[in-house]
Amino acid sequence: MSEPVLQFKVDRISVRIATQALATFDAHRQRRCYHREAGGQLFARVRDDDWEIVAATGPRSQDRRGRFSFWPHRPSEQEEIFRHHKLGFDYVGDWHTHPEDVPTPSPDDLSSITDVVRRSTHHLPGFLLVIIGRQPFPDGIWASFHSVDGLRSDAREISLLSRKD
């Protein structure tokens with residue numbers, strides 16, 4: 001059986017997003033004018049500079065969601081981190097939707113992920129920010145890496161592949 005996988009590079013890190021996470025993104029695209037932003041967290045198997053995102057959580061009932069805004073429920077996020085960590089997965093960043101065909105981050109998006117990197121206790125060199133637009137993958141996705149040094153690297157060569165399992 002062949003499953004879609006999205007792959008890209010940020011800084012020196014190779015990222016693959018597995019089918020389950022892609023399905024979560026796709027289910028929450030803002031295809032209609034009344035759809036609200038959605039988002040959640042990204043969890044991965046991390047092997048040095050090789051990250052495979054196996055789960056994307058959210059949105060949650062406690063999140064605050066608007067047409068052009070998303071505010072996650074932080075206590076629920078912390079519970080998700082504990083639960084996924086017990087399963088052997090690392091929290092590696094956040095995702096959310098935008099009501100635009102090809103998404104781009106807002107200044108608030110960039111400052112929010114920078115703040116998460118700075119305030120979090122973790123062993124990683126930084127976190128990912130993934131934004132989902134209305135276009136199909138790979139055009140409808142924005143990805144960037146935000147390092148503990150405060151630097152940003154935008155994704156290069158985002159491609160949708162088929163993986164045989």
Side-chain angles (χ1 to χ4, degrees), residues 2-11 13-44 51-81 83-84 89-120 126-146 152-163:
S2 186
E3 294 185 343
V5 175
L6 196 115
Q7 143 179 321
F8 57 87
K9 284 194 69 99
V10 284
D11 194 26
I13 298 169
S14 294
V15 179
R16 281 181 320 285
I17 303 177
T19 303
Q20 182 277 337
L22 290 176
T24 299
F25 299 160
D26 194 52
H28 296 288
R29 271 185 219 278
Q30 292 179 262
R31 292 181 171 95
R32 303 277 187 245
C33 64
Y34 52 84
H35 288 166
R36 298 175 297 158
E37 282 195 12
Q41 298 184 108
L42 303 170
F43 293 91
W51 295 10
E52 182 180 12
I53 297 171
V54 295
T57 64
R60 301 158 215 84
S61 60
Q62 304 94 327
D63 294 337
R64 291 184 302 148
R65 299 170 56 194
R67 173 84 172 127
F68 302 103
S69 58
F70 173 76
W71 296 278
H73 185 252
R74 297 294 184 200
S76 295
E77 286 187 325
Q78 192 60 58
E79 289 173 18
E80 290 172 356
I81 290 170
R83 188 171 60 249
H84 283 85
F89 302 123
D90 286 301
Y91 163 78
V92 295
D94 292 333
W95 74 274
H96 69 277
T97 61
H98 272 193
E100 55 189 337
D101 289 341
V102 178
T104 57
S106 70
D108 286 344
D109 294 335
L110 297 174
S111 72
S112 176
I113 194 67
T114 299
D115 191 51
V116 169
V117 172
R118 186 174 49 82
R119 290 176 174 257
S120 297
F127 294 138
L128 297 169
L129 170 64
V130 173
I131 303 174
I132 306 303
R134 293 187 298 231
Q135 288 292 311
F137 304 128
D139 295 332
I141 190 167
W142 163 273
S144 54
F145 177 76
H146 301 263
R152 174 179 123 196
S153 299
D154 297 343
R156 301 185 310 272
E157 302 172 17
I158 298 176
S159 57
L160 189 61
L161 309 170
S162 290
R163 177 175 77 179

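Each residue takes its place number in the sequence, starting with 1.
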Chemist: Can you confirm whether His35 sits close enough to Cys33 that some side-chain heavy atom of one is under 4.5 Å from a side-chain heavy atom of the other?
Modeler: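 In short, these two side chains do not touch, never coming nearer than 4.5 Å.
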
Chemist: Hey, does the side chain of Ser153 reach the backbone of Val10 with a donor-acceptor pair shorter than 3.5 angstrom?
Modeler: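 Side chain of Ser153 to backbone of Val10, a donor-acceptor pair under 3.5 Å: no, none is there.
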
Chemist: Please list, chain by chain and in numerical order, all residues satisfying ring pair (Phe, Tyr, Trp, His ring centres under 6.0 Å) with His96, sequence neighbours excluded.
Modeler: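 Partners of His96 under the ring pair (Phe, Tyr, Trp, His ring centres under 6.0 Å) test: His98.
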
Chemist: Please enumerate all residues that pass ring pair (Phe, Tyr, Trp, His ring centres under 6.0 Å) together with Phe25, with sequence neighbours excluded.
Modeler: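 With neighbours one apart ignored, the set is Trp95.
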
Chemist: Okay, side chain of Arg29, backbone of Gly133: is any donor-acceptor separation there less than 3.5 Å?
Modeler: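 Yes, Arg29 side chain to Gly133 backbone: donor-acceptor pair under 3.5 Å.
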
Chemist: For Pro99 versus Arg134, what's the shortest heavy-atom pair and its separation?
Modeler: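 Closest heavy-atom pair between Pro99 and Arg134: O-NH1, 3.0 Å.
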
Chemist: Hey, what do you get for OH (Tyr91) to CG (Leu42), rounding to the nearest 0.5 Å?
Modeler: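 Between Tyr91 OH and Leu42 CG, I get 7.5 Å after rounding to 0.5 Å.
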
Chemist: Sub-3.5 Å donor-acceptor pair from the side chain of Thr97 to the main-chain atoms of Ala38, do we have one?
Modeler: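 Checking the backbone N and O of Ala38 against the side chain of Thr97, a donor-acceptor pair under 3.5 Å is found.
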
Chemist: Could you report the tightest heavy-atom contact between Ala155 and Phe8, atom names first, then the distance?
Modeler: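 What the structure gives for the nearest pair is CB-CD1, 3.6 Å.
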
Chemist: Does the side chain of Trp142 reach to within under 4.5 Å of the side chain of Asp154, using non-hydrogen atoms?
Modeler: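 In contact.
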
Chemist: Could you measure the distance from the CZ atom of Arg60 to the OG atom of Ser76? Nearest 0.5 Å is fine.
Modeler: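 Here the rounded value is 6.0 Å.
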
Chemist: Looking at Asp108, is its backbone amide N or carbonyl O close enough to the side chain of Ser111 to form a donor-acceptor pair, meaning the two atoms are under 3.5 Å apart?
Modeler: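 At least one qualifying donor-acceptor pair exists.
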
Chemist: Identify whether NZ of Lys or CZ of Arg in Arg119 sits under 6.0 Å from the centre of the six-membered ring of Phe127 and within 45° of that ring's axis.
Modeler: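 No, a cation-pi geometry is absent between Arg119 and Phe127.
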
Chemist: Using side-chain heavy atoms (C-beta onward) and a distance below 4.5 Å, is Ser14 in contact with Gln7?
Modeler: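 Ser14 vs Gln7: side chains apart.
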
Chemist: Say whether, by atom type as modelled, one donor and one acceptor occur between the side chain of Glu52 and the main chain of Ala18 under 3.5 angstrom.
Modeler: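 No; judged by distance alone, with no hydrogens or angles, the pair does not exist.
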
Chemist: Looking at OG1 of Thr24 and CD1 of Ile132, how far apart are the two atoms once the value is rounded to the nearest 0.5 Å?
Modeler: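 The OG1 atom of Thr24 sits 10.0 Å away from the CD1 atom of Ile132.
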
Chemist: Mind checking the CD1-OG spacing from Ile81 to Ser120? Nearest 0.5 Å is all I need.
Modeler: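 Rounded to the nearest 0.5 Å, the CD1-OG separation comes out at 6.5 Å.
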
Chemist: Side chain to side chain contact (heavy atoms under 4.5 Å, CB included), that's the test. Do Val92 and Val15 meet it? Break it down for me.
Modeler: CA-CA 11 Å; Val92 295; Val15 179; over 6 Å; no

Chemist: His28: what forms a ring pair (Phe, Tyr, Trp, His ring centres under 6.0 Å) with it, not counting sequence neighbours?
Modeler: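 For His28, no residue satisfies ring pair (Phe, Tyr, Trp, His ring centres under 6.0 Å) once neighbours in sequence are set aside.
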
Chemist: What closest approach, in Å, do Val117 and Gly126 show between heavy atoms, and which atom pair accounts for it?
Modeler: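 Result for this residue pair: CG1-CA, 4.4 Å.
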
Chemist: Looking at every non-hydrogen atom in both residues, tell me the closest pair between Pro103 and Asp139 and how far apart they are.
Modeler: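 Closest heavy-atom pair between Pro103 and Asp139: CD-O, 4.1 Å.
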
Chemist: Just by distance, no angles: are the side chains of Ser69 and Trp71 close enough, under 3.5 Å, to form a donor-acceptor pair?
Modeler: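 Not at all, the side chains of Ser69 and Trp71 share no donor-acceptor pair under 3.5 Å.
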
Chemist: Distance from Leu22 atom CG to Leu6 atom CG, nearest 0.5 Å?
Modeler: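 The distance works out to 5.5 Å.
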
Chemist: So Leu129 and Leu110, side chain to side chain contact (heavy atoms under 4.5 Å, CB included) or not? Walk me through it.
Modeler: CA-CA 8 Å; Leu129 170 64; Leu110 297 174; 4.2 Å; yes

Chemist: Side chains of Trp51 and Leu128: closer than 4.5 Å at any heavy-atom pair?
Modeler: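 Of all side-chain heavy-atom pairs linking Leu128 with Trp51, at least one is under 4.5 Å.
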
Chemist: Please check: side-chain N/O of Gln41 versus main-chain N/O of Glu77, any donor-acceptor pairing under 3.5 Å?
Modeler: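 Yes.
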
Chemist: Which heavy-atom pair separates Gln20 from Val54 by the least distance, and what is that distance?
Modeler: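 Result for this residue pair: OE1-O, 3.0 Å.
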
Chemist: Is the backbone N or O of Ser112 less than 3.5 Å from a side-chain atom of Asp115, with the two atoms forming a donor-acceptor pair by type?
Modeler: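 Judged by distance alone, no pair lies under 3.5 Å.
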
Chemist: For the atom pair CZ (Arg32) and CZ (Arg67), what is the distance rounded to the nearest 0.5 Å?
Modeler: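 Rounded to the nearest 0.5 Å, the CZ-CZ separation comes out at 11.5 Å.
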
Chemist: Could you check whether any side-chain heavy atom of Gln30 comes within less than 4.5 Å of a side-chain heavy atom of Glu37, counting everything from C-beta outward?
Modeler: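 Yes; the side chains approach each other to less than 4.5 Å.
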
